[in-house]
**Student:** 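For reference, the structure I am asking about is given below.
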Amino acid sequence: MTEENHTINNEFILTGFTDYPELKSVLFVIFFAIYLITMVGNLGLVILISKEHRLHTPMYIFLGNLAFVDSCCACATIPRILENFFSENRMVSLYECLAQFYFLCTVETADCFLLAAMAYDRYVAICSPLQYHTRMSKKLCVQMATGAFIAGNLHCVIHLGLLFRLTFCGSNHIKHFYCDILPLYRLSCVDPYVNELVLFIFSGSIQVFTIGSVLISYLYILSTIFKMKSKEGRVKAFSTCASHLVSVSLFYGSLFFMYIHPNLLEEGDKDIPAAILFTIVVLLLNPFIYSLRNKEVICVLRKILKIKS
């Protein structure tokens, strides 16, 4: 396929959620409500953790960063979805598309490393409680959180750089609700094999490393819990880890389905349900998963709202 026989596209049309125009009003209300709840929940957690001194501990440092990442991800996707429901011009330029991908890729990658860091934090707290304050200092937590964002940035720079080797021709309709990397590969008139291979290698390596860290941490945690003689201790330990496990399962399950499987380019718009799960649903649920099951957060909220226990 030669470029001379095709018009090179520098603008794209996002077609996600446009197949059912009769439902656009209902979908707009649903996504607007999701956006408000997500932003209030995640930014509320960030403010709460930053303002309350008793929450300046390693677990809440990671949780605050996770909430910040989730709010950034929601800002990068949902407003565009809302605009497209009633906009006649759904065009997005190539550079806007690349910028959205870069931003989302950075925060999603950082999310992977933050979840792994949270698993390690729980491992130290439960398996080595006497050494917890020594091994999980605030300085180390800040370094780990910063490293997550640096790793996310470097990971996305690689894919962004490789995208510039592609040209886009033929259809300019992206069958998605945001500019993801796979729909762009499908529109390329240059063979994206190298890009696909690099995506598989780097995304696979990051997920194997972070998922492996989570699994190893929780194997040690479960082993320690089963050895506890106190029933109250076992219940407390399970309760501490349950919220994190739920979030990890939802996030990694959808992410793995999206990017780590053969024939990535043959899926068409079948990856939209997984994208909805980890870019919208998980962001909505995380504040409830982490706060409603956390007695310290609830106590701080009651203190702020002046509600007596």
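Quantities reported herein were computed from a predicted structural model and do not represent experimental measurements.
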**Student:** Starting from the C-alpha separation in whole Å, work towards a yes-or-no answer on side-chain contact (heavy atoms from CB on, under 4.5 Å) for L163 and F101.
**Tutor:** CA-CA 11 Å; L163 277 173; F101 160 72; 4.0 Å; yes
**Student:** Of all the heavy-atom pairs spanning Y60 and L55, show the shortest one and how long it is.
**Tutor:**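 What the structure gives for the nearest pair is CB-O, 2.9 Å.
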**Student:** Using every non-hydrogen atom in the two residues, find where F177 and L14 come nearest and quote the distance to one decimal.
**Tutor:**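 Looks like O-CD1, 4.2 Å.
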**Student:** Take a 6.0 Å sphere around OH of Y220 and say whether it holds more than 12 heavy atoms from other residues, nucleotides or ligands.
**Tutor:**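 No, not enclosed.
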**Student:** Is the side chain of H56 donor-acceptor paired with the backbone N or O of S50 at a distance under 3.5 Å, no angle test?
**Tutor:**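 Confirmed, H56 side chain pairs with S50 backbone.
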**Student:** Can you give the donor-acceptor pairs under 3.5 Å from side chains of residues 40-49 to other protein atoms, not counting sequence neighbours?
**Tutor:**
{"from": "N42", "atom 1": "ND2", "to": "T38", "atom 2": "O", "distance (Å)": "2.9"}
{"from": "N42", "atom 1": "ND2", "to": "L283", "atom 2": "O", "distance (Å)": "3.2"}

**Student:** Which residues pass the disulfide bond (SG atoms under 2.5 Å apart) test with C141, not counting sequence neighbours?
**Tutor:**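 By the disulfide bond (SG atoms under 2.5 Å apart) rule, C141 matches no residue at all.
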**Student:** How many angstroms lie between atom OG of S249 and atom CG of L115, to the nearest 0.5 angstrom?
**Tutor:**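 S249 OG to L115 CG: 10.5 Å, rounded to 0.5 Å.
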**Student:** Would N10 and Y95 count as having a side-chain donor-acceptor pair, cut-off 3.5 Å?
**Tutor:**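 No, because no side-chain N or O of N10 sits under 3.5 Å from a partner of the opposite role on Y95.
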**Student:** Which heavy atom in M144 sits nearest to a heavy atom in A117, and how many Å separate them?
**Tutor:**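 What the structure gives for the nearest pair is CE-CB, 3.6 Å.
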**Student:** Measure from the side-chain N and O atoms of K138 to the backbone N and O of I61, and report whether any donor-acceptor pair falls under 3.5 Å.
**Tutor:**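 No, the answer is negative, given that no donor and acceptor are paired below the 3.5 Å cut-off.
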**Student:** With ILVMFWY side chains joined below 4.5 Å, transitively, what does L130's cluster contain besides itself?
**Tutor:**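 Direct or chained contacts put L130 with none.
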**Student:** For K175 versus T15, what's the shortest heavy-atom pair and its separation?
**Tutor:**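 That would be CA-OG1, 3.3 Å.
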**Student:** A side-chain contact here means heavy atoms from C-beta on lying under 4.5 Å apart; do F28 and K24 qualify?
**Tutor:**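 Not touching, per the 4.5 Å side-chain cut-off.
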**Student:** Taking S213's backbone N and O only, do any of them form a donor-acceptor pair with S217's side chain (distance below 3.5 Å, no angle check)?
**Tutor:**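 Yes, because the side chain of S217 sits within donor-acceptor range (under 3.5 Å) of the backbone of S213.
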**Student:** Is a side-chain N or O of Q100 found less than 3.5 angstrom from the main chain of A76, in a donor-acceptor match?
**Tutor:**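 Present.
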**Student:** Answer yes or no: does atom CZ of F32 have more than 12 heavy-atom neighbours from other residues, nucleotides or ligands under 6.0 Å?
**Tutor:**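 12 or below, so no.
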**Student:** Kindly give the heavy-atom pair with the smallest separation between M59 and Y132, and that separation in Å.
**Tutor:**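 Shortest heavy-atom separation between M59 and Y132 comes out as N-OH, 4.0 Å.
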**Student:** Checking E96 now: which residues fulfil side chain to side chain donor-acceptor pair (under 3.5 Å) with it, not counting sequence neighbours?
**Tutor:**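 Checked E96 against side chain to side chain donor-acceptor pair (under 3.5 Å); matches are S93.
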**Student:** Mind checking what makes ring-ring contact (aromatic ring centres under 6.0 Å, His included) contact with H133, not counting sequence neighbours?
**Tutor:**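 So H133 forms no ring-ring contact (aromatic ring centres under 6.0 Å, His included) with any residue.
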**Student:** Can you tell me which residue among V282, D111, V107 is in a side chain to side chain contact (heavy atoms under 4.5 Å, CB included) with C73?
**Tutor:**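 It is V107, the one option of V282, D111, V107 that forms the side chain to side chain contact (heavy atoms under 4.5 Å, CB included) with C73.
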**Student:** If you count every heavy atom of other residues, nucleotides or ligands that lies below 6.0 Å from F149 atom CZ, does the total exceed 12?
**Tutor:**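 More than 12 heavy atoms, drawn from other residues, nucleotides or ligands, come within 6.0 Å of this atom.
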**Student:** Are more than 12 heavy atoms from other residues, nucleotides or ligands located less than 6.0 Å from atom CZ of F31?
**Tutor:**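 Counting other residues, nucleotides and ligands, CZ of F31 exceeds 12 neighbours.
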**Student:** Can you give me the closest heavy-atom contact between N195 and L162, atom names plus distance?
**Tutor:**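 What the structure gives for the nearest pair is ND2-O, 3.0 Å.
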**Student:** Can you sort out the partners of F113 under ring-ring contact (aromatic ring centres under 6.0 Å, His included), two or more places apart, ordered by chain and number?
**Tutor:**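 Here no residue qualifies.
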